[in-house]
Amino acid sequence: MSSIRDRVKQLVPTQVTNRVRESLVDYGVRTSDRRPLPDFLIIGTKRGGTTSLWNYLIQHPLVPRLFPAWNTKSSHYFEEHWHRGEAWYRSHFPTLRQREALENRHGGPVRVGEAAPLYMFHPLAAERVSALMPSVRLIVLLRDPVERAYSHWKERRTNGVEPLDFAAALAAEAERTAGERDRLIAEPNYFSEPYDWYTYRARGRYLEHLQPWLERFDRSQILFLPSEELYRDARATYRRTLDFLGLPSFDLPNFKVYNDRRSAPLEPALRAELTAYYRPHNEALRRRLGLRLDWPDRVA
């Protein structure tokens with residue numbers, strides 16, 4: 001009897017928590033007409049420092065968190081939850097009254113956003129964002145694609161969804177992801193885990209994935225930040241981002257690194273192969289964006 005009673009005690013808090021969560025989500029949707037769309041999006045790149053930059057920004061008193069509080073940095077609306085509709089998307093952001101209260105308390109202006117690294121890579125995200133929020137500001141972190149790919153693999157490995165070593169995962173990428181991009185375009189409500197999980201090499205061809213954004217948004221709406229500059233001087237990158245968003249300066253006590261993953265160095269032969277592979281893609285990116293991007297592939 002005591003074991004049954006103990007199990008009931010364990011279940012009750014879970015049931016209450018689920019009801020509370022459902023109520024908050026429902027409340028957000030019901031009040032969605034009072035919740036303005038976001039002012040900015042951090043659209044990429046994965047493993048490029050997006051989590052760190054997001055956490056620096058939400059420490060600013062004029063950058064509120066998502067709603068409800070358990071949402072960390074993204075709704076994943078434009079890639080995974082498109083079928084839920086605009087009211088559901090708006091439900092993640094503060095109400096106009098909450099914005100006004102923050103502006104009155106801190107002298108405004110409030111800037112609301114989210115960070116979703118898959119947005120940059122998803123074939124339909126740019127079109128969807130531009131249709132709904134043509135004046136939104138976009139922040140793009142660009143990391144040396146060799147380091148990005150290796151870090152992506154380490155994250156998948158740690159999360160238990162990558163059984164292969166890095167070399168084998170790169171070799172299997174084309175087969176694992178075959179047809180997924182085409183299916184995403186053909187089926188607007190489809191979400192592809194392989195396209196998110198196993199695209200180690202493909203995601204580093206940055207210009208290919210940025211082109212739809214560059215075609216739809218004025219360059220003045222996009223801030224490109226080399227990830228290496230964020231790692232080297234987070235304070236300066238944070239200040240540059242505040243300027244881009246039109247936010248007043250606000251100093252942070254420290255710049256903790258989020259989601260850092262230490263490991264053995266990348267095997268030299270594999271590093272050399274990836275560096276050579278990305279060289280033409282990186283050069284095209286530098287020319288198109290007018291950025292120096294001091295990555296190891298750069299020819300002096």
Side-chain angles (χ1 to χ4, degrees), residues 42-55 70-83 115-125 141-206 208-210 227-228 230-231 257-279 281-282 295-297:
I42 302 176
I43 63 171
T45 184
K46 183 175 181 64
R47 306 304 303 160
T50 58
T51 300
S52 290
L53 183 59
W54 171 254
N55 278 280
W70 62 75
N71 288 301
T72 53
K73 64 178 182 178
S74 175
S75 69
H76 298 287
Y77 175 59
F78 294 103
E79 18 91 338
E80 184 174 359
H81 298 299
W82 180 247
H83 63 283
L118 187 53
Y119 285 176
M120 184 176 103
F121 188 55
H122 193 283
L124 299 180
L141 287 149
L142 296 172
R143 182 181 184 181
D144 171 11
V146 177
E147 295 295 339
R148 193 224 66 80
Y150 188 39
S151 182
H152 186 172
W153 172 81
K154 287 187 288 184
E155 181 188 62
R156 297 294 89 196
R157 188 82 161 181
T158 302
N159 291 347
V161 299
E162 179 51 270
L164 304 179
D165 65 34
F166 188 42
L170 288 171
E173 180 174 331
E175 181 179 355
R176 281 170 151 182
T177 62
E180 291 300 296
R181 184 178 178 85
D182 290 341
R183 186 176 175 186
L184 286 168
I185 295 171
E187 302 176 29
N189 293 335
Y190 175 61
F191 176 73
S192 171
E193 287 182 341
Y195 190 75
D196 183 15
W197 289 354
Y198 302 129
T199 44
Y200 307 116
R201 187 186 296 265
R203 285 210 197 194
R205 299 193 299 264
Y206 296 132
E208 175 183 322
H209 312 304
L210 282 171
S227 299
E228 292 74 18
L230 175 67
Y231 304 148
V257 177
Y258 292 79
N259 284 354
D260 189 25
R261 297 183 185 278
R262 304 291 179 179
S263 69
L266 178 57
E267 194 273 322
L270 194 51
R271 178 183 295 281
E273 186 274 321
L274 285 171
T275 299
Y277 172 81
Y278 284 122
R279 183 170 288 115
H281 298 285
N282 292 347
W295 298 332
D297 71 283

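Bear in mind that the values here come from a model prediction, so they are computed numbers and not experimental data.
- Residues E79 and H76 have side chains that bring a donor and an acceptor to within less than 3.5 angstrom of each other.
- When R183, E180, R181 are each tested for a side-chain hydrogen bond (donor to acceptor under 3.5 Å, both in side chains) with Y195, only one passes: R181.
- Listed for the W153 side chain is a donor-acceptor partner under 3.5 Å among the backbone atoms of L164.
- Applying the side chain to side chain donor-acceptor pair (under 3.5 Å) criterion to H81, with sequence neighbours excluded, gives R84.
- Closest approach of A149 to F166, counting heavy atoms only: O-CE1, 3.6 Å.
- Here the straight-line distance linking atom OH of Y206 with atom CG of N282 works out to 8.0 Å at 0.5 Å rounding.
- Side chains of Y150 and R47 form no contact here, defined as non-hydrogen atoms less than 4.5 Å apart.
- A distance-only check finds no donor-acceptor pair linking the side chain of R156 to the backbone of P163 [under 3.5 Å].
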*asked:* Applying side chain to side chain contact (heavy atoms under 4.5 Å, CB included) to F191 and D196, what does each step give before you reach the verdict?
replied: CA-CA 9 Å; F191 176 73; D196 183 15; 4.2 Å; yes
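- Rounding to the nearest 0.5 Å places CZ of F121 at 9.0 Å from OG1 of T45.
- To the nearest 0.5 Å, atom CG of residue D144 and atom CH2 of residue W295 are 6.5 Å apart.
- Y198 is linked by a ring-ring contact (aromatic ring centres under 6.0 Å, His included) to nothing, counting only residues two or more places apart in sequence or in another chain.
- Shortest non-hydrogen contact noted between A115 and S74 is O-CB, 3.0 Å.
- For the ring-ring contact (aromatic ring centres under 6.0 Å, His included) test, residues two or more places apart in sequence or in another chain that qualify with Y277 are H281.
- The line from CG of L141 to CH2 of W54 is 13.5 Å long, rounded to the nearest 0.5 Å.
- Each salt bridge (Lys or Arg N to Asp or Glu O under 4.0 Å) pair with one or both residues in residues 158-179, not counting sequence neighbours, appears once here: E162-R176.
- In this pair, Y77 and W82 present their aromatic rings tilted. The plane angle is within the 30 to 60° band.
- Nearest approach of Y258 to S52, heavy atoms of both residues: N-OG, 3.0 Å.
- The heavy-atom pair separating Y231 from G48 by the smallest distance is OH-C, 3.4 Å.
- Between atom OG1 of residue T275 and atom CG of residue L270 there is a gap of 9.5 Å, rounded to the nearest 0.5 Å.
- Not one N or O on the side chain of H83 forms a donor-acceptor pair closer than 3.5 Å with the backbone of Y190.
- No side-chain heavy atom of R148 sits under 4.5 Å from any side-chain heavy atom of S227.
- Residues I42 and M120 are not in side-chain contact: their nearest non-hydrogen atoms beyond the backbone lie 4.5 Å or more apart.
- Note that CD of E187 and CG of D182 are 11.0 Å apart. Values are rounded to the nearest 0.5 Å.
- Contact detail for E228 and L142: the closest heavy-atom pair is OE1-O, 3.6 Å.
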*Check the pair Y278, D297 against side chain to side chain contact (heavy atoms under 4.5 Å, CB included), reporting the backbone distance first and the verdict last.*
CA-CA 8 Å; Y278 284 122; D297 71 283; 5.7 Å; no
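- The two residues P117 and T50 make their nearest non-hydrogen contact at CG-OG1, 3.4 Å.
- The stretch residues 268-278 participates, sequence neighbours left out, in these salt bridge (Lys or Arg N to Asp or Glu O under 4.0 Å) pairs: E147-R271, R201-E273.
- Applying the side chain to side chain donor-acceptor pair (under 3.5 Å) test to E208 and every residue at least two apart in sequence or in another chain returns R205.
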*asked:* Apply side chain to side chain contact (heavy atoms under 4.5 Å, CB included) to residues R203 and L118 and explain how you reach the verdict.
replied: CA-CA 9 Å; R203 285 210 197 194; L118 187 53; 3.3 Å; yes
